[in-house]
Amino acid sequence: MAIDCLVLGAGQEVGKSCVVVSINGKRIMFDCGMHMGYTDSRRYPDFSLISKTGDFDNALTCVIITHFHLDHIGALPYFTEVCGYRGPIYMTYPTKALAPLMLEDYRKNMDRRGEDGQFTSDHITECMKKVIPVDLKQTVQVDKDLQIRAYYAGHVLGAAMFYAKVGDAAMVYTGDYNMTPDRHLGAAQIDRLQLDLLITESTYATTIRDSRYGREREFLKAVHNCVAAGGKVLIPTFALGRAQELCILLEDYWERMNLKVPIYFSSGLTIQANMYYKMLINWTSQKIKETYATHNAFDFKNVQNFDRSLINAPGPCVLFATPGMISGGFSLEVFMQWAPSEINLITLPGYCVAGTIGHKLMSGKPTKIDLDKDTQVDVRCQIHQLSFSPHTDAKGIMDLVKFLSPKHAILVHGEKPKMATLKERIQSELGIQCYCPANNDTVTIPTTHYVKADALDAFIKSCLNPNFKFSKSSSVDKSYSGSNDSKAIPGLQVSDERVAEGILVVEKGKKAKVIHQDELLHMLGENKHEVQFAYCFPMRTERLEKTRSEDLPSADDLLCGLDKCTLISLLSTKLSNELSDGNIQDLGEQLQVESFCLSICLKDNCPHRISDSVQNDSEVVFCCCSWSVADEMLAWKIISIMNNYTLPLEGRLQVHI
Amino acid sequence: MKFTCLRKGGGFHFPACHMLNVSGFRILLDCPLDLSSLAFFSPVPVAHEAHKSLDTDSVIRKKQKMEKALDANDLVHAEPWYKTVKSLHLWDASFIDVVLISSPMGMLGLPYLTRTKDFSAKIYVTEATARIGQLLMEDLVSMHMEFRQFYGPEDSCFPQWLRWEELEVLQYEMKKIALGKDCEELGAWMPLYSADDVKDCMRKVQTLKYAEEACYNGTLIIKAFSSGLEIGTCNWTINGPKRNIAYITNSIFVSTHAADFDFVGLRGNDLIIYSDFFSLGAAENMENDNTYFDPVASLNFSDDVNNLEEMSASLLKDDESTEEMEKLAFICTCALDSVRGGGSVLIPIDRLGIILGLLEQMSVLLESSSAKVPMYIISSVAEELLAFTNIIPEWLCKQRQEKLFSGEPLFEHAKLIKERNIHVFPAVHSPELLTNWQEPCIIFSPHWSLRLGPVVHLLRHWCSDPNSLLVLESGVDADIALLPFKPMAMKVLQCSFLSGMRLQKVQPLLKTLQPKLVLFPKDLRCKIQISEANTIFLYSESETLRIPSSKNSTEIEIATDLASKFHWKTLKQETITRLEGELFMDYGKHRLLSGSHPADSKQQRPFVHWGSPDSKGLLTELSKIGINGTIKKVRDDTESESAAGVVEIHEPKKAVIHVGETGTVIISADENLASHIVKAIDIVLDGI
């Protein structure tokens with residue numbers, strides 16, 4: 001059994017996330033994104049690798065989309081409406097609600113850029129109709145064998161990691177996630193699962209970030225300084241996600257500082273998006289959720305719609321304009337107007353793809369930017385780069401991988417050299433096999449598989465009871481060399497061997513059975529044959545003669561009993577001092593350690609005596625021992641302790657007399 | 001498995017309550033309160049009324065009471081107590097392991113449980129039910145405050161009305177409420193819990209998402225699927241190592257607001273506990289019963305998807321939601337007639353779905369008929385409850401979810417409140433209400449028992465107005481409920497709403513779910529035909545059913561990498577091996593995985609031997625490893641067979657082996673020699 005993992009996109013790069021996983025006969029496509037940096041066929045994943053004939057319905061069991069960002073969902077309408085995939089598509093409720101807005105916004109921009117959009121508005125609507133929405137942690141039975149489940153991923157509203165399980169094999173695909181909570185979303189959350197494979201994003205594979213509060217303060221200070229000086233602030237963002245987060249931040253700040261400067265949203269889109277956010281408040285952070293009844297955090301008081309005529313209106317303002325990265329559209333229009341003035345501020349939140357103006361502004365401090373052959377913009381305004389990101393940092397990735405401890409890990413959605421570093425860390429620090437395949441590569445990993453057997457009740461019941469074995473850790477050296485962090489504590493080691501009493505029985509043509517060892521003989525129709533050891537050995541005593549001479553003949557029997565008890569308790573004290581393992585029981589006339597049983601033997605011709613070991617009869621006491629095979633080692637250890645021991649009898653016995 | 005029905009359900013407001021024993025765990029299904037017994041008490045009296053009742057000579061009054069018809073004075077004038085499930089208090093709360101709550105109504109008695117000492121059960125509730133249930137409980141506590149303020153703090157912990165002398169002389173109807181039909185329910189009365197009890201209860205609740213898998217103790221997997229009754233209400237599946245159980249209670253196939261009854265999610269369970277007691281429609285359409293299923297189609301039932309779709313379609317075919325919508329429309333027209341006639345409308349209905357539906361339909365109707373009548377919602381929790389319905393799309397029906405996807409609010413009321421067509425106030429004495437007050441008006445307010453909450457005051461205000469209209473749910477005993485407000489000139493409209501599955505759908509549903517066993521209420525058995533394919537156990541109140549286990553083995557999964565390391569031994573027919581590794585219980589599955597300490601070689605020696613040893617054979621084996629000896633026959637006092645004997649070892653050291661029929665004893669002073677002898681015996685005997 002194996003999992004085949006075909007990376008169609010986001011292999012050693014960021015953009016067009018798409019991984020097709022074959023797992024026990026099921027084939028799942030995780031994400032179906034587009035690459036923002038390309039405008040030709042390279043922007044979509046190469047779907048022909050899934051099915052040469054284009055029969056995607058039979059080639060795929062289902063499609064799972066993690067969140068509404070275009071590099072995760074951008075190719076979906078193309079895949080369903082143009083390529084003709086008609087099978088089930090799963091995404092969370094917020095993703096289903098918000099994805100059409102993103103797709104529509106993108107499509108409009110493409111039209112404006114005069115490119116072939118490849119999918120139409122109707123395509124988006126039709127595509128979204130096929131989507132089955134899921135709730136977090138809802139366990140969805142896609143078909144008889146395939147089970148999927150969404151876990152909270154932070155990142156953007158509705159972002160989820162997906163767990164998929166077929167038979168005994170299980171995996172998680174994270175999509176993008178954030179391990180620390182931000183202004184409006186909580187941190188990613190997942191159960192401890194038994195996984196064969198984890199596919200994780202690695203955007204910040206080597207970056208470690210400090211607290212975001214410092215950065216937030218920095219951002220607010222920059223904005224405040226600018227508007228206080230009468231400048232205009234341009235924040236180019238995409239309609240969903242970052243815009244809402246920054247808006248909550250600004251709204252909060254405006255309230256506290258009692259600022260009256262208007263905050264604008266460039267298009268109705270963002271205002272409309274807020275409507276969705278209000279309904280989906282359950283998917284935001286705990287803090288925002290708690291206050292929904294009295295004040296919904298997405299009811300922005302200071303936010304207004306922007307009108308083109310306001311671009312050159314006097315006075316300070318803050319403007320959120322789409323699209324992000326200043327890749328065109330309205331944000332570019334405003335940029336051209338505001339960039340030449342020193343008092344204005346442009347704040348760039350988040351990642352900018354190479355080729356966009358945002359990318360140029362972020363790399364170095366250009367004074368002039370060429371838009372095309374004829375247009376050139378003087379850039380004199382201040383530029384502030386917002387360095388908090390909704391992606392997890394390297395520590396977060398390591399934490400997640402460590403927490404889930406999958407048997408294998410695959411890195412996607414990152415930059416090649418950084419991924420290689422992270423891969424090394426995962427392999428060396430966590431001992432987990434890790435891969436970072438390039439686009440169109442396939443990684444095959446083995447999966448766990450279980451043999452099924454019927455266990456009878458006696459076995460299950462015996463396993464419910466602890467069966468502790470205590471032993472002195474003899475392998476201190478070994479464990480030191482084995483692992484550095486877990487230092488072996490010398491002393492008692494406890495092992496709990498519960499299943500060792502179970503016997504697995506396989507008969508031809510029947511299902512394997514697990515029975516308890518007591519049931520075995522009955523099942524086989526055989527009789528048990530007990531194999532035991534016995535040894536009656538002499539023990540030296542001190543001045544036994546003297547005590548004997550003081551015995552009163554009439555009380556002989558009684559004294560023998562006393563003798564025995566005293567001897568046994570002496571031996572038992574001795575043993576418990578010398579013996580680390582085993583449960584020593586003093587049963588009066590008998591001493592028992594596990595199956596080892598010792599009693600004082602007064603018979604002259606005990607059958608368990610070996611004749612040549614007889615010494616001077618008067619100075620020894622015979623100990624008759626018997627034990628079963630299981631305790632062989634223990635028994636010999638006890639006997640050797642006894643052999644080196646001389647019973648100090650005199651004082652004690654006299655007290656009794 | 002054991003099943004005890006503590007109380008069979010009584011419609012929407014009083015769901016059933018059962019106790020279940022699975023895999024050694026005790027599971028309580030729902031913990032409701034019988035709020036209909038509130039009718040026993042008088043609502044907070046108006047001053048002069050109270051005096052009258054206190055002055056009367058009690059003995060004469062009581063004598064008369066037995067004979068004459070019930071009137072308002074017969075109600076108990078005291079701070080009300082509340083009736084819990086009658087035999088739940090007989091169970092030790094600390095022995096309950098799991099509590100499953102199916103609906104907000106099934107939660108109202110929960111604080112009584114959670115506040116008991118040593119209560120430690122895990123309580124699973126869907127997140128929507130938890131929220132709504134909490135609001136209902138808080139509302140109940142706040143409405144009850146009015147009584148407490150009126151009567152003052154209780155002087156004794158045992159109220160006067162609960163004394164036997166008082167109960168004895170009660171009229172029949174009243175006695176029935178106080179003692180129950182079989183006079184067993186006296187012990188169920190409890191004073192109301194406090195707001196702190198509610199808070200504490202909510203802290204102990206574990207909320208679940210839709211169809212989220214909760215794993216209890218690694219053994220039971222518990223999942224909630226929507227039941228269609230109300231937002232957040234659910235049916236449960238409980239999967240243990242030996243049994244898969246589905247618990248079905250008050251389910252509605254097609255809802256106008258909540259997520260539909262998800263019966264597909266309940267498939268694949270071998271035991272169905274059917275606990276739905278909606279039987280108002282029992283008498284109707286019974287002859288139609290057979291037409292729901294084409295007998296041929298049901299004979300050829302197979303598991304394939306098409307067939308499932310067909311089945312589902314036929315279950316959903318007879319759409320009850322249209323009927324429910326028509327009922328709402330009818331109420332709306334009655335209300336409109338009333339306000340046109342200058343009367344007000346009072347709707348003390350506490351079903352969220354009905355209120356939401358009425359609000360939407362009513363506002364449309366009012367607008368279309370251009371009647372300028374305000375709608376008031378008066379309840380301490382209304383604002384929060386209404387806000388909550390607009391942020392829980394996951395638990396709403398498909399049409400409402402579509403609204404989310406097209407960016408519209410899930411329910412209209414948010415808009416209506418903003419446009420000031422609906423006004424929400426926390427109490428009748430809210431200053432905003434007093435300044436806004438306008439008659440005629442339409443008022444939604446709790447409580448349906450007509451004993452608690454704002455409705456009491458409003459009803460007193462309007463009860464003598466023949467133009468006004470009171471809309472009641474049927475199921476409420478109107479005669480007793482309206483006693484304190486007599487004489488009533490007000491019009492009363494009683495309307496029944498669907499609160500569960502119609503009986504004729506039971507059989508098709510069971511066909512779809514294909515359980516092996518069905519637990520079915522005894523009193524409904526005669527009204528329904530269930531095919532012989534399912535084994536049916538009939539249950540009735542306060543009886544414990546023992547359901548025999550279908551299999552006496554448990555499936556265990558052994559990791560292949562571990563299994564390949566086993567040391568197999570081949571016998572005549574079977575191959576056997578001793579197990580190694582560690583047994584885990586994870587998500588209801590027994591799994592044998594390789595342990596952290598790999599077994600060392602010395603443990604591979606057999607511990608259990610069988611077969612009969614042969615002394616000669618043993619001697620031969622011994623001589624192969626350089627141990628020599630002679631066979632010495634035992635004395636012939638026992639009729640020993642050939643196998644029995646004594647082997648004396650001379651070389652390399654002295655040792656004796658007693659070989660018997662059932663056992664062998666090795667006597668040796670030398671460790672090394674002894675272990676060699678055992679090895680030889682291992683060869684001669686079978687062992688593992």
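Proteins get letters first, then strands, A, B, ... in listed order; numbering begins at 1 in each. Keep in mind that this is a model prediction, so the values were computed, not measured. Because only heavy atoms are used, hydrogens play no part in the values below, and waters and symmetry mates are left out as well, while side chains stay in.
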Max heavy-atom pairs within cutoff under 4.5 Å with chain A, candidates V656(B), L410(B), L685(B), D686(B), goes to L685(B)
Of K289(A), K510(A), Q532(A), the largest count of non-hydrogen pairs under 4.5 angstrom with chain B goes to Q532(A)
When the 4.5 angstrom heavy-atom criterion is applied to L280(A) and chain B, the contacting part is side chain
query: Below 4.0 angstrom, N of the basic side chain to O of the carboxylate: do K511(A) and E555(B) qualify?
result: yes
Looking only at heavy atoms, the pair that brings Q517(A) and V608(B) closest together is OE1-CG2, 3.8 Å
message = Looking at K242(B) and D457(A), is any side-chain nitrogen of the basic one under 4.0 Å from a carboxylate oxygen of the acidic one?
response = yes
Assess whether atom NE2 of H522(A) is packed by more than 12 heavy atoms of other residues, nucleotides or ligands within 6.0 Å. no
| request: Indicate yes or no: at least one non-hydrogen side-chain atom of L579(B) is less than 4.5 angstrom from one of F459(A). | output: yes
What one should report as the nearest heavy-atom pair of P409(B) and M279(A) is CA-SD, 3.9 Å
Where do W283(A) and I391(B) land on the side-chain contact (heavy atoms from CB on, under 4.5 Å) test, with the steps shown first?
-> CA-CA 10 Å; W283(A) 295 71; I391(B) 60 158; over 6 Å; no
Tightest non-hydrogen contact, residues A674(B) and W636(A), listed as CB-CZ2, 3.7 Å
When the 4.5 angstrom heavy-atom criterion is applied to L520(A) and chain B, the contacting part is side chain
Less than 3.5 Å apart, any donor N or O on the side chain of H529(A) or T664(B) sitting next to an acceptor on the other? yes
Taking every heavy atom of Q194(A) against every heavy atom of R591(B), the minimum-distance pair comes out as OE1-NH1, 3.4 Å
Applying a strict 4.5 Å limit to non-hydrogen atoms, the region of V506(A) in contact with chain B is both
When you measure from the side chain of D454(A) to the backbone N and O of I556(B), does any donor-acceptor pair fall under 3.5 Å? no
Exercise for the section: Flag yes if more than 12 heavy atoms outside K452(A) fall under 6.0 Å of its NZ atom; otherwise flag no. Expected result: yes
Max heavy-atom pairs within cutoff under 4.5 Å with chain A, candidates N390(B), L404(B), I392(B), goes to L404(B)
Donor-acceptor check, side chain of Y535(A) to backbone of I667(B), threshold 3.5 angstrom: yes or no? no
Output yes when a side-chain donor or acceptor of T139(A) lies under 3.5 Å from a complementary backbone atom of E212(B), and no otherwise. no
Nearest heavy-atom contact between F405(B) and Y276(A) is O-OH, 3.2 Å
Whatever's closer than 4.5 Å to a heavy atom in chain B on P94(A) counts as neither
The interface call for L504(A) against chain B, heavy-atom contacts under 4.5 Å, is both
Interface check, chain B: of M128(A), Q138(A), E507(A), Q141(A), most non-hydrogen pairs under 4.5 Å belong to Q138(A)
Okay, L456(A) and chain B: the region with an atom under 4.5 Å from a heavy atom over there is both
Turns out that what part of I515(A) lies under 4.5 Å from chain B's heavy atoms comes down to neither
**Prompt:** Is any side-chain N of the basic residue among E574(B) and K513(A) closer than 4.0 Å to the acidic one's carboxylate O?
**Reply:** no
The interface call for D168(A) against chain B, heavy-atom contacts under 4.5 Å, is side chain
Okay, Q573(B) and chain A: the region with an atom under 4.5 Å from a heavy atom over there is both
Worksheet item: Under the side-chain hydrogen bond (donor to acceptor under 3.5 Å, both in side chains) criterion, do E530(A) and W610(B) qualify, and how do the steps go?
Response: CA-CA 8 Å; E530(A) 194 96 45; W610(B) 63 92; over 6 Å; no
All heavy atoms of G407(B) vs all of M275(A), minimum pair found to be O-CG, 3.3 Å
Bottom line for N527(A): the part with an atom under 4.5 Å from chain B's heavy atoms is backbone
